[in-house]
Amino acid sequence: MTPPADDTMRNDGARTAAVVLERCDELARHSSLPDGLIERVYLSPEHAAVNALAAGWMQGAGMDTWQDAAGNQCGRLEGATPGLPALLLGSHLDTVPSAGRYDGILGVLTAIAVVERITTSGRSLPFALEVVAFGDEEGTRFGTALLGSRALAGTWLDAWWELTDEAGITLHEAFVAFGLDPAAVTAAARTSNDFVGYLETHIEQGPVLEENDLPLGIVSSIAGARRFQITITGKAGHSGTPWTHRRDALAGASEAIVAIERLARDADLIATVGHLEVFPDAVNVIAGRAEFSLDLRGRFDADRDSVWQQIETLLDEICATRGLHVAVHQTHAAPAAHCSDRLRGVIAAGIRAADLRAADGADDAPAPLELLSMAGHDAMAVAHLTEIGMLFVRCAGGVSHHPDESVTEADVARALDAFEAAVLALADGHQAGSQDPA
Ligand code: HGY
Ligand code: MN
Ligand code: MN
C-alpha cells in the first residue's frame with residue numbers, strides 16, 4: 001500500500017495512532033503543575049480546557065456534543081435511525097498528581113478516533129455511539145473517586161457536596177465556580193435503556209502484557225477498592241522523654257503500616273499507604289498525631305472486607321499496647337466489577353481481527369489473554385447501568401501514575417484496530433439479533 005500523504009490518516013481514511021499520540025501530548029500541556037509535570041483535577045480550569053479540546057475532536061468525528069450536568073464531556077453519533085440506545089465508549093481526562101499522559105486519556109482519544117473511522121466509513125450501526133470523557137475518575141481533588149461516572153450512572157450522593165479540596169473549597173462551591181448547578185447534577189444520570197453496553201480502552205497499568213509479549217489484552221474483572229483516612233493520636237513531647245512515658249503516634253502508625261502490608265500480601269490483596277502526615281513534625285518532638293491513607297483492593301469484595309476487619313483489629317491492638325487512639329474514616333468504596341461474557345467476547349474478536357490485520361492475514365497469533373485489573377476504572381461505576389468490557393494496552397514496565405508512563409505507536413495502532421473491530425463485532429452480533437459477537 002502506498003504510504004498516506006500524511007500520517008494523520010491511513011489510506012482507508014482511518015485516523016492513525018500518530019494523531020492519537022499527538023493529542024495525548026496536547027492534552028498533557030493542560031496541567032496545574034510547572035516544569036512539564038501533569039496534574040489535571042476535576043472542575044479546574046485545566047478540566048475546562050481539555051473538555052473543549054475533546055469536544056472539538058468529537059465534532060470532527062461527526063458527533064453532536066454536550067457537557068453533562070456533572071462536567072463530563074459527551075458526544076453522540078446516531079445509528080441507523082435517530083434515538084437508538086447507544087454503545088457508550090470512553091474513559092477519563094483527569095489525572096493524579098505528577099501523572100503520565102495516557103492513563104484515561106488514551107481511552108477517550110481511542111474512542112473518538114474509532115467513531116471518526118465509523119463516520120468516515122459511512123456505515124450506520126444498529127445502535128448509536130456515544131463517547132464520554134469523564135471528569136473525575138481519580139478522586140485527586142476531593143478524595144472520593146469516580147464522581148463523573150457515578151453521576152452518569154445515577155449513583156451520586158448528596159453527602160459529597162461538603163467534601164473539600166486542599167484549599168478548603170467544597171465540591172458544591174467548585175461546581176458553581178465551574179458553571180454547573182449542583183441542584184441539577186441528577187440531570188447527568190442516564191438509564192440502562194439508554195445503552196447497549198460500555199467499552200473502555202485503557203493502559204494496563206501493570207506488567208502482565210509486557211511479560212507475555214502481548215500488545216493488547218481483555219479485562220476479565222476490575223478489583224474492588226476501599227480507601228480510608230486513618231488517624232493515630234498519641235501525645236507530643238520532648239524527644240528526650242523516657243521510653244516508659246512515650247505515646248508516639250508515628251511509631252504506632254509505622255508498626256501498623258508494615259503489618260497492613262503483611263496482612264494484604266498473605267491474602268493476595270493489594271494495600272497502599274500513599275499519604276502520611278505527622279504532627280507537629282519536628283526532629284526533636286515525639287509525634288502526637290499521624291494521619292495516613294489506605295487504599296485496599298482485591299479481586300473479590302468479600303476477601304477485601306475480611307482483611308479490612310483484620311486491619312481494624314490490628315489497629316486496636318497496636319493502639320492499646322502503645323497507649324494511642326485510632327480514628328478511621330472511609331473516603332471511597334467501589335465494588336469489584338465483572339466484565340460481561342458478551343463484551344469480553346467482542347473485545348476478543350477485536351483483538352483477533354487486529355492481529356490478523358497486522359500479520360496480513362496470517363492467523364498465528366496466540367489467543368487473546370484475559371487479565372484482572374487491579375487498577376480501578378470508570379467502568380466500575382458504569383457497571384451499575386449496563387454491561388462493561390475493557391481493552392487493555394501494554395504500557396512500558398507497567399508504569400503508571402508517573403511521568404514515565406509510556407506506550408508505543410505500534411501498540412496504539414493495534415488498539416485502534418481492535419477497538420474499532422470490537423465495536424463492529426458488537427454491531428454485527430446486534431444486527432444478527434444474537435447477543436454473541438460475530
Ligand atoms: O486508583 C486507581 O486504581 C485508578 O487509577 N483511579
Ligand atoms: Mn489512574
Ligand atoms: Mn485510569
Side-chain angles (χ1 to χ4, degrees), residues 24 27-28 31 37-42 47 50 54 72 89-111 132-150 152-153 198-209 217 219 221-229 264 269-275 293-299 301 304 330-337 339 371-383 388-395 397-407 415:
C24 288
L27 293 176
S31 166
L37 292 176
I38 302 170
E39 179 179 68
R40 188 164 56 243
V41 300
Y42 189 38
H47 176 190
V50 295
N72 300 311
L89 311 173
S91 193
H92 60 94
L93 292 181
D94 67 303
T95 76
V96 294
S98 189
R101 61 189 60 206
Y102 304 107
D103 171 5
I105 289 92
L106 183 67
V108 172
L109 296 174
T110 298
V132 57
F134 289 115
D136 183 66
E137 187 273 342
E138 302 288 4
T140 302
R141 183 172 180 185
F142 295 102
T144 290
L146 306 174
L147 291 180
S149 35
R150 282 178 153 165
L152 179 137
Y198 174 73
L199 292 181
E200 179 169 357
T201 296
H202 203 288
I203 55 172
E204 179 199 340
Q205 298 177 301
V208 175
L209 290 176
V219 175
S221 66
I222 306 167
R226 290 175 72 179
R227 295 181 189 175
F228 304 90
Q229 177 73 21
L269 298 183
I270 298 279
T272 307
V273 174
H275 170 82
S293 65
L294 174 62
D295 174 320
L296 184 66
R297 48 185 80 190
R299 178 189 294 263
D301 295 341
R304 179 204 60 196
Q330 178 170 275
T331 57
H332 170 66
C339 298
L371 59 162
L372 165 70
S373 174
M374 275 314 240
H377 301 286
D378 288 302
M380 301 167 90
V382 180
I388 63 169
M390 285 192 73
L391 171 67
F392 261 177
V393 185
R394 173 170 48 189
C395 57
V399 169
S400 182
H401 285 190
H402 188 279
D404 290 349
E405 198 175 86
S406 75
V407 291

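Remember, it's 1-based here, ligands and their atoms both numbered in the order they're listed. The shown structure was predicted, so the numbers you read here are calculated from the model rather than taken from an experiment.
The nearest pair of heavy atoms linking G376 to E137 is O-OE2, 3.1 Å. Minimum heavy-atom separation, A28 to I38: CB-CD1, 3.7 Å.
Put simply, CE on M374 and CZ on R299 are 8.0 Å apart, with the number rounded to the nearest 0.5 Å. Within the model, atoms OH of Y42 and CG of N72 stand 6.5 Å from one another, a figure rounded to the nearest 0.5 Å.
Residues L209 and L371 have side chains in contact (heavy-atom distance under 4.5 Å, counting atoms from C-beta outward). In this structure the side chain of R150 reaches within 4.5 angstrom of the side chain of T144, judged on heavy atoms.
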- [ ] Could you please spell out the steps behind the side chain to side chain contact (heavy atoms under 4.5 Å, CB included) verdict for D103 and H202?
- [x] CA-CA 7 Å; D103 171 5; H202 203 288; 2.9 Å; yes
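Under 4.0 Å from any atom of ligand 1, one finds heavy atoms of residues E137, E138, R227, R297, A375, G376, H401.
Remark: side-chain polar atoms of R40 are paired, donor with acceptor, to backbone N or O of L27 under 3.5 angstrom.
Remark: the E405 side chain and the S400 side chain contain an N/O donor-acceptor pair separated by less than 3.5 Å.
Within the protein, the number of N, O or S atoms lying under 2.8 Å from the Mn ion (ligand 3) is 3.
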